[in-house]
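Starting from 1, each residue takes its place in the sequence as its number. Predicted, not measured: the structure shown is a model, and the values here were computed from it.
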Amino acid sequence: MIRVLFVCLGNICRSPMAEAVMRDLVEKEHLSHKVEVDSAATSSWHIDEPPHRGTQEKLKEYGISTKGMKGRQLQKADFENFDYIIGMDDSNIRNIRTKLGDIDSPKIFRFLDLTDHRKDVPDPYYTGDFQETYDLALEGCHALLEKIKVENQL
Ligand code: 4NP
C-alpha cells in the first residue's frame, strides 16, 4: 500500500480538502487498493473535529463526501507510516520537519511545488475563499497522482 498524508495547521480546511479530493481521484482511477489517503494537523487545536463548514460545503458541491473525517495531530510515527508527507505551506513544512525530528527527506514536500504555481496554498480559514482551496487541491492532486504512478509503476 502507498500511503499519502496531507498536513496543514488545523486539519480542518486545506488538508481535509486535499485528502477528500485525492481519495475521490484515486477511487475514480480504481487505485483504492493501492493508494491510501489521510490528513493531519501540526497544531492540536481541532482534534476530533469534522472539517470546517466551508470545506464540507465546497466538497458537497462537487459530490465528494466528508463522512467520518475528523481532525488529528501529526505524530512522530507518521514518518514511518507514510510514503508522501505533503505540507500545504512553508510553515507546515518547517513544523513537520521539527515534529518528525528535523528530517530532510524527499518524502516531505510542499503541495503546490508539484505544480507550476510553486506557492503556499492560501489558508481559507483567513481568506474565506474555499473555491480557491478546492481548485488548487484538484490541480495539486492530479500532479501528485501522476508522481505516485510514475514512482510506483502504477
Ligand atoms: P487549516 O486552516 O490549517 O487549513 O486547517 C486553519 C484552521 C484553523 C486555524 C487556523 C488555520 N485556527 O486558528 O484555529
- Criterion side chain to side chain contact (heavy atoms under 4.5 Å, CB included) on Leu136 and Phe111, from CA distance to verdict: CA-CA 9 Å; Leu136 291 171; Phe111 191 36; 5.7 Å; no
- Note on the structure: Of all heavy-atom pairs linking Pro16 and Met69, the shortest is O-CE, 3.5 Å
- Task: Can you see which heavy atom on Cys13 is nearest to which on Thr55, and at what distance?
- Result: O-OG1, 3.0 Å
- Give the minimum heavy-atom separation between Ala137 and Met17, together with the two atoms involved. CB-CG, 4.0 Å
- Look at Glu19 together with Arg23 and state whether they make a salt bridge at an N to O cut-off of under 4.0 Å. yes
- Message: As an exercise, state the distance from CG of Asp24 to SG of Cys141, rounded to the nearest 0.5 Å.
- Response: 9.5 Å
- Query: On the ring face of Tyr84, is Lys147 found with NZ or CZ under 6.0 Å from the centre and within 45° of the axis?
  - Reply: no
- Message: Run Met22 and Phe6 through side chain to side chain contact (heavy atoms under 4.5 Å, CB included) and show every step you take.
- Response: CA-CA 10 Å; Met22 185 69 181; Phe6 293 104; 3.7 Å; yes
- side chain to side chain contact (heavy atoms under 4.5 Å, CB included) between Val35 and Val4: does it pass, once the steps are laid out? CA-CA 7 Å; Val35 183; Val4 176; 4.0 Å; yes
- Query: Looking only at side chains, do Thr42 and Asn92 share a donor and an acceptor under 3.5 Å apart?
  - Reply: no
- Message: To the closest 0.5 Å, what do you measure between CG (Leu31) and CD1 (Ile148)?
- Response: 9.0 Å
- Query: Can you tell me how far the CZ atom of Phe109 sits from the CD1 atom of Ile93, to the nearest 0.5 Å?
  - Reply: 8.5 Å
- Treating Ile, Leu, Val, Met, Phe, Trp and Tyr as nodes and any side-chain heavy-atom pair under 4.5 angstrom as an edge, say whether Ile86 and Ile103 lie in one connected cluster. no
- Query: For the atom pair NE2 (His52) and CD (Glu57), what is the distance rounded to the nearest 0.5 Å?
  - Reply: 9.5 Å
- Query: Do other residues, nucleotides or ligands put more than 12 heavy atoms under 6.0 Å from Lys107 NZ?
  - Reply: yes
- Task: Look up atom CG in Asn11 and atom CD in Gln73, then write down how far apart they are to the nearest 0.5 Å.
- Result: 10.0 Å
- Query: Mind checking whether Ile2 and Ile85 sit in one hydrophobic cluster, side chains of I, L, V, M, F, W, Y counted as touching below 4.5 Å?
  - Reply: no
- Might you point out which heavy atoms bring Met88 and Ser15 nearest each other, and give the distance in Å? CG-N, 4.3 Å
- Could you go step by step and tell me if Val21 and Leu59 meet the side chain to side chain contact (heavy atoms under 4.5 Å, CB included) rule? CA-CA 8 Å; Val21 166; Leu59 287 165; 3.9 Å; yes
- Message: If I compare all heavy atoms of Ser32 with all of Met1, which pair ends up nearest, and what's the gap?
- Response: O-CE, 4.0 Å
- Note on the structure: Looking only at heavy atoms, the pair that brings Gln56 and Pro50 closest together is NE2-CB, 3.8 Å
- Message: Under the rule for side-chain contact (heavy atoms from CB on, under 4.5 Å), what residues qualify as partners of Asp78, not counting sequence neighbours?
- Response: Leu5, Arg72, Leu74, Gln75, Phe82
- Under 4.5 Å between side-chain heavy atoms, hopping through other hydrophobics if needed: is there a path connecting Leu154 to Leu25? yes
- Message: Assess the residue pair Arg3 and Asp83 against the criterion (salt bridge (Lys or Arg N to Asp or Glu O under 4.0 Å)); give the C-alpha distance rounded to whole Å, side-chain angles, the decisive distance to 0.1 Å, and a yes or no.
- Response: CA-CA 5 Å; Arg3 295 192 166 87; Asp83 306 293; 5.7 Å; no
- Hey, does Ile12 have a side-chain heavy atom less than 4.5 Å from the side chain of Trp45? no
- OG1/Thr115 to CG/Leu138 distance, rounded to the nearest 0.5 angstrom? 12.0 Å
- Query: Quick one: does NZ or CZ of Lys99 land under 6.0 Å from the six-membered ring centre of Phe79, within 45 degrees of the ring axis?
  - Reply: no
- Message: Quick check: is Val26 connected to Leu114 through a chain of hydrophobic side chains (ILVMFWY, heavy atoms under 4.5 Å apart)?
- Response: yes
Distance-only check: which donor-acceptor pairs under 3.5 Å involve side-chain atoms of residues 117-124, not counting sequence neighbours?
| residue | atom | partner | partner atom | Å |
| --- | --- | --- | --- | --- |
| His117 | NE2 | Glu139 | OE1 | 3.0 |
| His117 | NE2 | Glu139 | OE2 | 3.2 |
| Arg118 | NH1 | Asp113 | O | 3.1 |
| Asp120 | OD1 | Asp90 | N | 3.0 |
| Asp120 | OD1 | Arg110 | NH1 | 2.9 |
| Asp123 | OD1 | Tyr125 | N | 3.0 |
| Asp123 | OD2 | Arg14 | NH2 | 3.2 |

- Query: Between Lys58 and Glu61, is the closest basic N to carboxylate O distance under 4.0 Å?
  - Reply: yes
- Query: Glu49 side chain to Gly71 main-chain N or O, any donor-acceptor pair under 3.5 Å?
  - Reply: no
